[in-house]
Asker: 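The following block contains the structure, expressed as structure tokens.
Within every chain, numbering begins at 1; the chains are lettered A, B, ... in the order of the sequence lines, protein sequences first and strands thereafter. Treat the numbers as computed from the prediction; the structure is a model and nothing was measured.
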Amino acid sequence: MIPLSPTTIGAVARDVLKEATSSKMMLALLLTIGLFLLALTLSLDLDVVDGALAGSRIFGRAAGTAIVPVDVFLRPAFQALAWVTFYVGLLFGIVATADIAPRLLQPGRVEHLLALPIRRVELVIGTYLGVCAICAIATVFAVGGVSLVLFAKAKMVTVAPAAGAAMAFVAFAAIYGVMMAVGVLFRSAALSAGAGLLTYIMGVAVSEKNVMLMWTTNKPLRTVLEVVSAPIPNLRALADVGAGAAAGEAVALQAVLPMVGGAAAFAACGVLLAAAIVQSRDY
Amino acid sequence: MTADDDDVRLCDHGPMSAGPVHDAVSATGLTKRFGGVQAVRGISLTVPAGARFGLIGQNGAGKTTFIKMMLGICRHDEGSIRVLGSDPEDVSVRRRIGYLPERLAIPPSFSALAFLDSVARYKGIAAERRRGECRDLLQLVGLEESAWDRKTGGYSKGMRQRTGLAAALVGKPDLLVLDEPTDGIDPMGRRQIRDVILDVAKGGATLFLNSHLLQETEKVCDHVAVLHQGQVVVAGALSVLQRKDSFRVAFRRPDAAALVAVANEQGFVVDDSHERDAGHHHHDADRLVTRFTGTDAGALSQALARAIGAGLVVVEVAPELVELETILMRSMAPAGGAPTTPTTTTTTTTDGARP
């Protein structure tokens, strides 16, 4: 067992985060979220009386006439926000972070890093955690912003947007494990992004595994489909859980925990594979 | 003193040294193959602690591969290597090593100060000391202060190289490994960098230099090794490798016409190589450059006394040295091959090992 230094891992994650905050993709992401929040702030007008919505306008148009509790009124919006955060945010995250691991291993950079008191495993784990921290910061920025706007407009405090975003974070953490393994294997941002997108598509498609299995009676093909899809996190199920929670539905922990655990195990396998690749390589 | 004591010497210098240290680098029978290419073929090499060591050789000779194996960046197939007495992958040893790669890629969004701070953090330097040390090092390598907080993405090659050198010096390393440190730096800057490197070496650190600039290696290093086709072909102290068994003696005599004859009578041979090398005649007006073969100072003194007695005036006496370029060319020549430059002699060094 290799003794790992949390300080070193933290320092690697810190550098990854520091570098990413200067990248154009990250700035574009944060700017997009900021513009969305600004538009929401300026366009949304809610008249709330004792927790009930007496009137609402979006871009100056009335959005409903019935007097309903404000949290009930906003449920569909939260649900939509959760889905957008999940599906669009994931895609953006895949593209924005694809070059981080290959960039660390570029010639002239990796030699310098490996000559420092950093174990290769620490470099991999630190990079993974740094990327996850980037994702967490973007998520917190978006969710925190929406929550602040709602608090200002409706004096409403809710964790609903956070529940949806949490599922998106879990999904990204799983996908980035694969992206990292492919990224360090080929030292290519394009292949890393490709692996991320493939996992994303397979993760969505895996929820329809039974439908796909019905397409064929060929036993070897069915076996291949079963085996290949077995470890892939069911992204659609995660998205539905997040959207349901955002809409105020009760979360069945006994159903959610295995999904989250499976995604975490999938991510851990990706990181371990990446660590094994970096550990075995000459640079 | 035991045999082991020879191997482990007490070292009273070195910025981070405490107690006994081993040779800075000790490699035995190192081999490395990349696919079908045998990059390193059994390198055995020792770099004494505190030495200023230069590794020279053609492109593809295995120099960078050896450095990478020395730093644990690349693993060897066979043999063994110890750096500062430990395995190259030992993290505690790497804290004591400063390394400047040949083409360092600094994150372009980092400023020089941020980059050095990051290196200092990895080396475990306390937060309160970090900023001061980083600023001192950037000043030492001559990076303008106005650039310290600017992103390195906008730096010139020379500025990046200076930043890289400063990063290699973080934590006062015991072993400083520099791969082409003056690459991209102007002549004035080269001199400044050379002075910095020499100052660091004077502080007790071992210097391991890989440079294509032989003059630079000659000026900085006191030990060299020549790699050729993945093997060490020559290694040793530069003073020994460069020594010829002869002295260069220059005379003057008012009667120039008889100069050569008188010098020959006293055992001094007119130095043709000097004539060819310098591109002028061997005696300009009344000055004659000769060679006295032998290392016996007594015999030289007697010959000089006879020459003086015969009316010659001695204007220069100096031991003859072989240029590093000559050592390199000669060491790479096929066995039994003729010397490759006109200034070479048939003199062989005494302890400059030629495996």
Asker: Looking at side-chain heavy atoms only, is the closest gap between B:Asp183 and B:Lys157 below 4.5 Å?
Answerer: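 They are in side-chain contact.
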Asker: Is it true that a side-chain atom of B:Thr152 and a backbone atom of B:Tyr155 form a donor plus acceptor pair closer than 3.5 Å?
Answerer: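 The answer is no, because no donor-acceptor pair under 3.5 Å joins these two groups.
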Asker: Measure B:Arg103 against the heavy atoms of chain A and call it side chain, backbone, both or neither at under 4.5 Å.
Answerer: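 Answer is backbone: N, CA, C or O of B:Arg103 sit under 4.5 Å from chain A.
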Asker: Listed by residue number, which members of residues 6-16 of chain A have a heavy atom under 4.5 Å from any heavy atom of chain B?
Answerer: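 Interface residues of residues 6-16 of chain A: A:Thr8, A:Ala11, A:Val12, A:Arg14, A:Asp15.
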Asker: Would you indicate whether the side-chain heavy atoms of B:Val91 and A:Arg119 approach each other to under 4.5 Å?
Answerer: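 They are in side-chain contact.
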Asker: Could you check whether any side-chain heavy atom of B:Glu89 comes within less than 4.5 Å of a side-chain heavy atom of B:Arg94, counting everything from C-beta outward?
Answerer: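 SC-SC contact between B:Glu89 and B:Arg94 confirmed.
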Asker: Does some side-chain heavy atom of B:Asp117 sit less than 4.5 Å from a side-chain heavy atom of B:Arg131?
Answerer: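 Side-chain contact under 4.5 Å: no.
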Asker: Sort B:Lys68 into side chain, backbone, both or neither according to what part of it lies under 4.5 angstrom from a heavy atom of chain A.
Answerer: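 The answer is the side chain of B:Lys68.
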Asker: Pick one of side chain, backbone, both or neither for B:Tyr99, based on which atoms fall under 4.5 Å of a heavy atom in chain A.
Answerer: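 Both backbone and side chain.
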Asker: Under a 4.5 Å cut-off applied to non-hydrogen side-chain atoms, are A:Phe86 and A:Leu235 in contact?
Answerer: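 Yes. Closest side-chain heavy atoms under 4.5 Å.
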Asker: Name the region of A:Gln106, side chain, backbone, both or neither, that has any atom closer than 4.5 Å to a heavy atom of chain B.
Answerer: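 For A:Gln106, side-chain heavy atoms alone lie under 4.5 Å from chain B.
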Asker: Sort out for me which of B:Arg75, B:Lys32, B:Arg121 touches chain A most, counting heavy-atom pairs under 4.5 Å.
Answerer: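 Option with the top pair count is B:Arg75.
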Asker: Heavy-atom cut-off 4.5 Å, strictly under: side chain, backbone, both or neither for A:Arg281 against chain B?
Answerer: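 Contact with chain B: backbone only.
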Asker: Considering only distance and modelled atom types, tabulate donor-acceptor pairs under 3.5 Å from the side chains of residues 110-117 of chain A, sequence neighbours left out.
Answerer:
residue	atom	partner	partner atom	Å
A:Glu111	OE1	A:Gly108	N	2.6
A:Glu111	OE2	A:Gly108	N	3.4

Asker: Rounded to the nearest 0.5 Å, how far apart are CG of A:Leu105 and CZ of A:Arg103?
Answerer: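 Between A:Leu105 CG and A:Arg103 CZ, I get 11.5 Å after rounding to 0.5 Å.
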Asker: Are the side chains of A:Met202 and A:Val228 in touch, meaning some heavy atoms are under 4.5 Å apart?
Answerer: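 They are in contact (side-chain heavy atoms under 4.5 Å apart), so the answer is yes.
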